[in-house]
Structures are given as C-alpha cells and as structure tokens.
Number of protein chains: 2
Amino acid sequence: MTLESSRRQPAKATRCERCTLHARCLPLGLELDALESFEAIIQHPRPLKRGEVLVRQGGTFESLFVVRSGSLKQSVAQEGQRDQVTHFYLPGEVVGLDGIGEDNCYGSVVAMESTFVCELPFHRLEDLAEQLPELRGQLYRCMSRELRNDQRMMCLLSGRTADQRLASFMLGLSERFRLRGFSPYRFHLSMSRSDIGSYLGLALETVSRVLARFQQQSLATVAGRELTIHDMEALVALAEEGVGRHSGG
Amino acid sequence: MTLESSRRQPAKATRCERCTLHARCLPLGLELDALESFEAIIQHPRPLKRGEVLVRQGGTFESLFVVRSGSLKQSVAQEGQRDQVTHFYLPGEVVGLDGIGEDNCYGSVVAMESTFVCELPFHRLEDLAEQLPELRGQLYRCMSRELRNDQRMMCLLSGRTADQRLASFMLGLSERFRLRGFSPYRFHLSMSRSDIGSYLGLALETVSRVLARFQQQSLATVAGRELTIHDMEALVALAEEGVGRHSGG
DNA sequence: GGTTGCGGTTGATTCAGGTCAAGGAAGGGG
DNA sequence: CCCCTTCCTTGACCTGAATCAACCGCAACC
C-alpha cells in the first residue's frame with residue numbers, strides 16, 4: 001500500500017545521474033535513454049517522519065521503493081507475538097522485493113528517522129524491464145543478493161553467540177556505510193537497542209550489556225547511538241570465531 | 001558448478017505436461033509453444049546418489065535446478081565453523097536462485113537420497129524469459145517466495161523455543177508434502193537429526209529430546225525417520241504460541 | 001563372527017542469555 | 001519549569017538448551 005497520491009509531491013523530474021547513490025542504485029548500468037525511461041516512472045511520496053509507515057503489513061503490493069536518504073526498518077507482526085524486525089534499509093537499498101508476485105506485503109516498513117524514498121510502481125517497472133535487459137539483470141541481482149543476505153542472517157541467528165551477533169551486525173553496518181562513501185569507523189545507529197535485539201534475536205538488555213563489554217575491551221565506543229569502531233580486526237576475528245561443537249569448531 | 005557433461009544422460013525430450021509436478025513447477029502457466037521452448041532447454045544430469053554434490057560452494061554459477069524426485073539440502077561452510085544447513089529442497093522446488101547475478105554459488109547442495117533433477121542453464125533461461133513474460137513472472141515469484149520463506153525462518157530462529165521450532169518445522173514439511181499430493185500426516189524425513197538441528201539452530205540432542213517429548217504428549221510419532229502427526233491443531237497452537245517478553249506475549 | 005562407524009537416544013551438568021526489577025538520562029509538550 | 005514517556009543501563013536470578021558422556025541398534029565390511 002503506497003501513501004495516498006493526494007499527499008504526493010508534484011512530480012519533479014528525477015535525475016539519477018546527479019544522485020549520489022547512482023553508483024549503487026537499481027538503474028546502475030543503464031544507457032542514457034534507458035535511464036531516461038527509468039527516471040520517468042519514478043514517483044516521490046512526501047518525506048516520511050520518524051515512525052511513519054511506508055508499507056503496511058498485509059497491504060496491497062504495488063511498488064518497490066529505493067531509499068534516497070534516511071533509514072527504515074521492516075518488521076513482521078505474527079499471531080500473538082511481538083513484532084520482529086527483519087531488515088534495516090539504508091540509502092540505495094531496495095524495499096519491497098519480497099512482495100513481488102504476491103498480492104500483499106509480508107511485513108511493515110517504518111521510517112526510523114526523516115526519510116526520502118523513490119517509488120517505483122512495479123507494473124511500470126516490469127513493463128520497462130521487458131525492454132531493458134540491463135534492468136532485468138539488476139532486479140535479479142538485487143533479489144538474489146537479498147537471498148544471500150538472508151541466508152547469512154539465518155546462519156548468524158542459529159549458530160552464534162550474542163557477542164558474535166553484535167560484532168557481525170556492527171561490521172555489516174560499517175561495510176554498508178563504507179560502500180556509500182561514509183566512514184566505516186564512526187556512524188550513527190538510527191535504530192533502538194530494542195530494534196537491534198529483535199533483529200538479532202537477543203533481549204535488548206543483552207544488546208546493552210554486550211555493547212558495554214565491547215567498550216570495556218576497547219573494541220568500540222558507543223555513546224548513545226553514536227558508534228565508533230576502534231578495533232576492526234578484533235571484531236572480524238570475533239565474528240568469525242568458531243564456538244563449541246554445535247555451531248562450529 | 002554442474003556435473004561434468006560427459007556424465008550427462010543423452011537428452012531425452014522432457015514433457016513437462018506429463019510431469020506430476022507440472023502444477024507446482026517453474027513453467028506453470030506457459031502456453032503450449034512456450035512450454036515447448038522451455039522443455040528444449042532442460043538438461044538432465046545423471047541421477048544423484050545419497051551424499052552426492054549437485055552444487056559446490058564457491059563453484060561457478062551456471063544453472064538453476066528443479067528437483068524432480070528425491071530431496072537435497074543446501075549447506076554453507078564458514079571460516080572455521082561447522083557446516084550449517086540452510087535449506088531443504090523437495091520435488092518441484094528450485095535450487096540455486098541465490099546464485100543469480102553472482103559468479104559463484106553461496107552454499108553446497110547435496111542429495112539426501114537418490115535424486116533426479118532438471119537442469120536449466122541460466123543464460124538460456126534468461127534468453128527465453130526475455131520472450132516469455134509468464135516465465136519472467138514465475139522467476140520473480142519463485143525468488144520472492146523464497147525471500148518470504150527466509151524471513152519466516154529468521155523469525156523462527158530468533159524468537160522461538162526448541163519445541164516451537166520443531167513444531168514449525170514439522171508443519172512446514174507437512175504442508176509441502178500436502179501440496180505435492182502426499183499425506184500431510186505421515187511422511188519420511190530424509191534428513192538426519194543433525195541436519196534438522198543445524199537447520200533449526202539446535203543441538204542434535206535437543207532435536208532428539210523434543211521429538212521424544214512430542215511422542216509422550218501424543219502430538220506425533222517418530223519411528224526412526226518415519227514421522228506421523230497425530231495432533232495437527234496442537235502443533236499449530238504450539239508453533240504460534242507466544243513466549244516470554246522478548247519474543248512475544 | 002567380530003569390528004568399525006554412523007545415527008540416534010538418554011542422562012548429568014553447566015552456562016549464556018532471558019526475565020524481572022529498579023533507576024538514570026534525554027527529549028518533548030504543556 | 002516540571003511531567004511524562006521513551007530509551008537505555010545495570011544488577012540479581014533463573015532456565016532452556018548446549019555440552020559432555022555413555023550407550024544402543026544397525027549396516028557394512030573384513
């Protein structure tokens with residue numbers, strides 16, 4: 001379900017070329033005129049404020065979204081259970097791939113701070129992809145990358161300790177920021193401890209404690225939501241370390 | 001990496017229409033002549049014996065595979081850690097979607113019993129999809145279905161107890177067998193306790209104990225690898241039940 | 001027939017992390 | 001300014017599941 005069109009901003013022509021995310025976004029590799037056709041289908045819902053809903057669980061699937069600035073989380077509400085955070089989305093990442101080929105959306109997607117997105121109505125994107133092999137390739141690539149990420153996540157959730165989960169989480173974010181041209185050593189966590197806990201399958205208290213421990217060990221500093229990584233190598237070693245018999249060795 | 005072509009069986013024309021899985025397979029919804037073009041690209045590697053490798057982790061991605069009979073598991077080997085089972089594949093399911101748009105395969109796929117597959121060389125499939133919107137749609141649908149399954153799995157792995165994981169697992173298998181025309185109440189587990197444990201993020205001893213408990217509670221009977229479900233409703237209730245504060249309530 | 005090895009079960013023990021509880025810091029609204 | 005709420009931290013305690021270990025059944029093989 002998209003935002004009501006009455007609230008949409010007047011269509012400003014988007015120039016992907018000028019976008020700082022161009023090198024990491026969906027239309028990557030499109031020729032000039034292909035890019036123009038692509039830009040023509042982009043819509044811009046009004047900016048979202050912290051806590052606002054972009055996609056409502058169970059709502060009709062109509063569009064993919066690309067984060068332009070800000071960040072969002074996807075969470076899944078299940079029968080009689082607390083919401084569970086399944087994804088965080090940073091600028092340049094595609095929201096809604098899991099809705100393709102289904103009528104309705106699997107989870108809700110909520111802004112964690114002021115957030116701008118580009119909206120891509122899926123039927124128009126599909127039409128366009130029919131003519132642009134490059135775009136088709138990009139779509140497949142996005143989806144399979146997400147499949148691999150989810151699998152990595154499944155491995156993380158089943159075999160690793162709380163420390164290792166947090167280390168992997170921090171390294172993952174660090175890498176994503178680095179790829180987007182930000183510092184991989186120092187960045188802002190837009191999600192709460194509770195979101196992190198839900199995402200990593202830990203109680204929020206555990207998240208808090210592990211972060212404190214990392215700080216004692218001089219691996220990283222966490223001041224509120226400002227994270228500074230001091231010892232990347234140690235974090236990598238921790239994240240990859242095998243434990244026990246069941247999860248590795 | 002596919003099996004060496006020298007070992008391939010002579011190309012027998014495949015008739016998807018005649019296949020019992022037709023209604024649940026990739027070419028679903030193709031017109032007659034489209035179906036013929038599809039059948040033309042199908043190859044048949046020789047049948048796999050238990051333990052044989054269909055896809056080797058890190059090998060070049062070339063093909064998707066559809067299970068025709070038998071079953072396989074995907075497992076991921078990580079730096080200094082035990083292999084982790086990430087998927088089980090039953091007849092009609094598509095293997096290899098996570099390799100699309102990457103040079104090499106994310107995990108290894110191994111037969112758990114004598115298994116036949118149809119091989120679809122991806123570049124040929126892509127060419128064909130260019131002409132067949134229906135096929136494109138089916139590919140997207142498969143991938144997004146897998147994305148949703150992985151998310152469900154992530155939720156299962158982070159918030160649920162051992163009993164709930166096993167209950168969900170059994171119900172998931174039951175449903176998959178049902179959809180394929182087999183009994184949802186009584187079926188064969190082609191995977192070991194250790195595979196189940198790895199998949200569900202549990203020690204194999206825990207799997208064994210929980211199964212024994214289910215038996216005591218008359219929820220199901222497990223004789224070796226023959227599983228009989230006695231109380232489907234109770235299992236559903238167990239699987240959906242909220243626990244504690246962190247995972248629900 | 002004995003041996004070896006794998007898969008599975010069961011028991012005893014341990015511990016990582018969940019739960020409960022209390023309180024502090026920060027931000028927003030009246 | 002205070003109040004209220006939300007987020008975070010820290011401590012005490014408890015428990016579910018991992019670990020360690022012994023053992024059984026069975027099939028393959030010599």
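Quick note on labels: first sequence line is chain A, next is B, and so on, each numbered from 1. Keep in mind that this is a model prediction, so the values were computed, not measured.
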Under 4.0 Å between a Lys/Arg side-chain N and an Asp/Glu carboxylate O for A:E93 and A:R180?
yes
Any carboxylate oxygen within less than 4.0 angstrom of a Lys/Arg side-chain nitrogen, looking at B:E52 and B:R46?
yes
Can a donor-acceptor pair be found between the side chains of B:Q217 and B:D231 at a distance below 3.5 Å?
no
Atom-to-atom span, [atom1] of [X] to [atom2] of [N] - whole angstrom:
| X | N | atom1 | atom2 | value |
| --- | --- | --- | --- | --- |
| B:L200 | D:dG16 | CG | C1' | 16 Å |
| A:Q215 | D:dT10 | CD | C1' | 14 Å |
| B:R160 | C:dG18 | CZ | P | 14 Å |
| A:I196 | D:dC7 | CD1 | C1' | 12 Å |
| B:L157 | D:dG16 | CG | P | 19 Å |
| A:H188 | D:dC7 | NE2 | C1' | 13 Å |

Might you list the N or O atoms of the protein lying below 3.5 Å from N or O atoms in nucleotides 7-10 of chain C, with each pair's distance?
unit_1: C:dG8; atom_1: OP1; unit_2: B:R225; atom_2: NE; d: 3.0
unit_1: C:dG8; atom_1: OP1; unit_2: B:R225; atom_2: NH2; d: 3.2
unit_1: C:dG8; atom_1: OP2; unit_2: B:R193; atom_2: N; d: 2.9
unit_1: C:dT9; atom_1: OP1; unit_2: B:R193; atom_2: NH2; d: 3.3
unit_1: C:dT9; atom_1: OP2; unit_2: B:R193; atom_2: NE; d: 2.9
unit_1: C:dT9; atom_1: OP2; unit_2: B:S208; atom_2: OG; d: 2.6
unit_1: C:dT9; atom_1: O5'; unit_2: B:S208; atom_2: OG; d: 3.0

Identify the two heavy atoms, one from A:R165 and one from A:G201, that lie closest to each other, and give their separation to 0.1 Å.
NH1-O, 3.4 Å
Can you check whether B:V66 reaches B:V117 side chain to side chain, under 4.5 Å on heavy atoms?
no
Would you say B:F88 and B:F169 make side-chain contact, with heavy atoms under 4.5 Å?
yes
For B:S75 and B:S108, what are the C-alpha separation, side-chain angles and deciding distance, and is it a side chain to side chain donor-acceptor pair (under 3.5 Å)?
CA-CA 5 Å; B:S75 62; B:S108 297; 5.4 Å; no
Does B:R186 CZ have over 12 foreign heavy atoms under 6.0 Å away?
no
Output one line per pair: protein atom, nucleotide atom from nucleotides 26-30 of chain C, and distance, for all N/O pairs under 3.5 Å.
none

